[in-house]
Colleague: 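Sharing a structure with you now.
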Amino acid sequence: MDLGIAGRKAIVCASSRGLGKACAFALAEAGVEVVINGRDARTVEATAAEIAKATGSKAIPVVADVATPDGQKALFAACPSPDILVNNNGGPPPRNFRELTREMMLDGVVANMVVAIELIQKVIDPMAARGFGRIINITSSSVKAPLAGLDLSSGARAGLTAFIAGVARTVADKNVTINSILPGAFDTDRLKSVLTKASAASGKSFDEAAQARINTIPARRFGQPEEFGAACAFLCSSHAGYITGQNLLIDGGTIPTAF
């Protein structure tokens with residue numbers, strides 16, 4: 001399918017690896033110029049070079065922490081007028097909520113709620129003026145089914161979801177859409193880190209911990225980042241202008257809900 005977005009420009013946050021990289025790759029395959037972002041210079045530059053070589057699209061490396069004002073300035077210096085914004089940021093590590101300090105909670109809310117809102121504030125009116133805009137928030141399946149230990153991540157991302165639900169309706173008539181994608185267990189470095197910790201805590205091998213997790217997924221496998229990227233690219237396409245304010249759960253059927 002021709003997604004109808006060749007020549008568009010996108011900022012993809014936290015896109016040097018994992019699901020963010022998959023989204024940037026899929027957009028670049030559709031002919032979109034992409035900003036590749038992360039905090040490790042070597043990884044960011046390598047990912048940008050890989051995507052440019054594989055797709056023929058321009059990929060601009062921007063080493064920056066999107067949670068900071070300077071980091072956001074760097075993104076917009078590289079791409080002043082994005083047609084597409086993919087919000088993404090790492091979540092806080094698992095922790096018993098009793099251990100959370102006020103500073104930890106504020107940092108978590110800033111990273112997983114406030115930053116996305118700040119970036120949306122910067123792009124939404126220019127997008128509306130041009131008559132095209134696609135904004136994707138990568139959140140988590142824990143927004144729908146919160147997990148103990150991930151309370152801060154779940155709470156901040158759920159706050160973003162509720163905040164954006166109303167905002168999305170205010171620009172729908174300008175062909176600007178805002179949607180969220182809620183990933184379940186995808187085969188990424190983050191999942192490997194979680195499984196390594198689970199293995200150590202349970203005394204099981206890594207493979208046993210991974211299989212135990214797979215057994216909870218009706219699809220009986222982990223998701224592949226490329227699948228996630230393809231879904232993101234479609235929601236950013238010219239064909240998705242009638243989809244807004246929605247939360248697309250991609251979890252292999254793990255959360256047993258009808259809606």
Side-chain angles (χ1 to χ4, degrees), residues 8-25 27-28 32-52 57-93 95 100-130 133-140 152-153 155-157 159-161 163-164 167 171 176 178 180-181 188-190 193 232 236:
R8 298 286 186 184
K9 298 181 179 182
I11 291 175
V12 186
C13 299
S15 50
S16 63
R17 53 189 170 186
L19 298 182
K21 177 182 177 179
C23 292
F25 212 113
L27 289 170
V32 176
E33 176 183 310
V34 293
V35 167
I36 305 302
N37 163 247
R39 288 180 285 183
D40 179 76
R42 180 178 296 181
T43 305
V44 171
E45 290 165 6
T47 297
E50 177 190 351
I51 289 175
S57 293
K58 187 175 182 180
I60 305 168
V62 175
V63 181
D65 180 355
V66 297
T68 67
D70 286 344
Q72 294 180 20
K73 286 179 183 177
L75 289 178
F76 288 102
C79 184
S81 301
D83 303 293
I84 296 166
L85 169 66
V86 179
N87 280 313
N88 185 32
N89 208 357
R95 189 184 298 271
L100 295 172
T101 65
R102 173 174 286 211
E103 182 179 8
M104 290 175 182
M105 288 187 279
L106 291 176
D107 286 347
V109 170
V110 168
N112 294 143
M113 178 179 176
V114 175
V115 170
I117 295 169
E118 288 176 335
L119 293 174
I120 291 170
Q121 286 176 323
K122 291 176 171 65
V123 304
I124 195 167
D125 289 336
M127 286 178 173
R130 294 192 299 270
R134 299 288 185 265
I135 299 170
I136 302 294
N137 300 312
I138 300 177
T139 59
S140 170
L152 179 54
S153 174
R157 296 182 198 278
L160 174 64
T161 302
F163 190 104
I164 293 307
V167 174
V171 290
V176 177
I178 309 177
S180 296
I181 309 181
T188 62
D189 289 343
R190 180 173 173 81
S193 175
C232 177
C236 293

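Basis for what follows: all heavy atoms, side chains included, without hydrogens, waters or symmetry-related copies. Being a predicted model, the structure only gives us computed values, none of them experimental.
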Colleague: Is the shortest heavy-atom distance from the side chain of Ser15 to the side chain of Val44 under 4.5 Å?
Modeller: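 No - every pair of side-chain heavy atoms lies 4.5 Å or more apart.
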Colleague: Side chains of Leu27 and Val86: closer than 4.5 Å at any heavy-atom pair?
Modeller: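 In contact.
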Colleague: So, taking the atom named CG in Asn137 and the one named CE in Met113, what distance separates them when rounded to the nearest 0.5 Å?
Modeller: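 If I round to the nearest 0.5 Å, the distance is 11.0 Å.
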Colleague: What are the two closest non-hydrogen atoms of Val63 and Ala41, and how far apart are they?
Modeller: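 Result for this residue pair: CG2-CA, 3.6 Å.
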Colleague: Heavy-atom distance under 4.5 Å between the side chains of Lys21 and Glu50, does that happen here?
Modeller: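 Lys21 reaches Glu50 side chain to side chain.
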Colleague: Could you report the tightest heavy-atom contact between Cys236 and Ile136, atom names first, then the distance?
Modeller: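 Shortest heavy-atom separation between Cys236 and Ile136 comes out as SG-CG1, 3.6 Å.
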Colleague: Can you confirm whether Ile124 sits close enough to Val167 that some side-chain heavy atom of one is under 4.5 Å from a side-chain heavy atom of the other?
Modeller: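 Result yes, sub-4.5 Å side-chain heavy-atom pair found.
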Colleague: Tell me if a side-chain donor or acceptor on Asn37 pairs with a main-chain N or O of Ala64 at a distance below 3.5 Å.
Modeller: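 Checked: pair present.
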Colleague: Quick one: closest heavy-atom pair of Ala48 and Ala59, and the distance?
Modeller: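 Looking at all heavy atoms of both residues, the closest pair is O-CB, 3.4 Å.
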Colleague: Using side chain to side chain contact (heavy atoms under 4.5 Å, CB included), reason through Val115 and Leu119 one step at a time and then give a plain yes or no.
Modeller: CA-CA 6 Å; Val115 170; Leu119 293 174; 4.1 Å; yes
Colleague: For the CZ atom on Phe163, are there more than 12 heavy atoms of other groups (residues, nucleotides or ligands in this structure) within a distance under 6.0 Å?
Modeller: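 12 or below, so no.
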Colleague: For the side chain of Gln72 and the backbone of Val66, is there at least one donor-acceptor N/O pair under 3.5 Å apart?
Modeller: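 Checked: pair present.
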Colleague: Looking at side-chain heavy atoms only, is the closest gap between Arg95 and Met104 below 4.5 Å?
Modeller: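 Counting from C-beta outward, Arg95 and Met104 do come under 4.5 Å.
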Colleague: As a quick check of understanding, evaluate side chain to side chain contact (heavy atoms under 4.5 Å, CB included) for Val35 and Val12, giving each step before the final call.
Modeller: CA-CA 6 Å; Val35 167; Val12 186; over 6 Å; no
Colleague: Can a donor-acceptor pair be found between the side chains of Arg157 and Ser153 at a distance below 3.5 Å?
Modeller: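 Distance-only check passes for Arg157 and Ser153.
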Colleague: Restricting to non-hydrogen atoms, name the atom on Gly108 and the atom on Leu152 that form the minimum distance, rounded to 0.1 Å.
Modeller: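 Shortest heavy-atom separation between Gly108 and Leu152 comes out as CA-CD2, 4.0 Å.
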Colleague: Salt bridge or not for Arg130 and Asp83, using N-O below 4.0 Å?
Modeller: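 Between Asp83 and Arg130 there is a salt bridge, with a charged N closer than 4.0 Å to a carboxylate O.
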Colleague: Let me confirm one number: the CD1-CD1 distance from Ile164 to Ile117, rounded to the nearest 0.5 Å.
Modeller: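 Atom-to-atom, Ile164:CD1 and Ile117:CD1 are 5.5 Å apart.
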Colleague: Rounded to the nearest 0.5 Å, how far does CD1 of Ile138 lie from CG of Asn89?
Modeller: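 Those atoms lie 10.5 Å apart.
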Colleague: Just how far is it from atom OG of Ser57 to atom CD of Glu33, taken to the nearest 0.5 Å?
Modeller: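 Rounded to the nearest 0.5 Å, the OG-CD separation comes to 8.5 Å.
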Colleague: Return the minimal non-hydrogen interatomic distance between Asn112 and Pro92, and the atom names on each side.
Modeller: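 Looking at all heavy atoms of both residues, the shortest contact is OD1-CD, 3.2 Å.
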Colleague: Going by heavy atoms in the side chains, are Ile181 and Thr139 under 4.5 Å from each other?
Modeller: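 No, their side chains stay 4.5 Å or more apart.
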Colleague: Kindly compute the distance separating CG (Asp40) from OG (Ser16), expressed to the nearest 0.5 Å.
Modeller: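 Asp40 atom CG to Ser16 atom OG measures 7.0 Å (nearest 0.5 Å).
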Colleague: Does Pro126 reach the side chain of Ser81, with side-chain heavy atoms less than 4.5 Å apart?
Modeller: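 The answer is no; the side chains never approach within 4.5 Å.
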Colleague: Return the CG to CG distance between Leu75 and Asp70, rounded to the nearest 0.5 Å.
Modeller: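 Leu75 CG to Asp70 CG: 11.5 Å, rounded to 0.5 Å.
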Colleague: Which heavy atom of Cys79 sits nearest a heavy atom of Pro82, and at what distance?
Modeller: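 What the structure gives for the nearest pair is O-CD, 3.4 Å.
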Colleague: With the side chain counted from C-beta on, respond yes when Leu85 and Asn87 share a heavy-atom pair under 4.5 Å apart, and no when they do not.
Modeller: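 Leu85 vs Asn87: side chains touch.
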Colleague: For the backbone of Asp189 and the side chain of Ser193, can you confirm whether one donor and one acceptor N or O come within less than 3.5 Å of each other?
Modeller: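 Such a contact is absent between Ser193 side chain and Asp189 backbone.
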Colleague: Which residue, Ile120, Ile135, Ile84, forms the side chain to side chain contact (heavy atoms under 4.5 Å, CB included) with Met127?
Modeller: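 When side chain to side chain contact (heavy atoms under 4.5 Å, CB included) is applied between Met127 and each of Ile120, Ile135, Ile84, only Ile135 qualifies.
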Colleague: Please assess Phe25 against Val34 for the test side chain to side chain contact (heavy atoms under 4.5 Å, CB included), listing each intermediate value before the final yes or no.
Modeller: CA-CA 9 Å; Phe25 212 113; Val34 293; over 6 Å; no
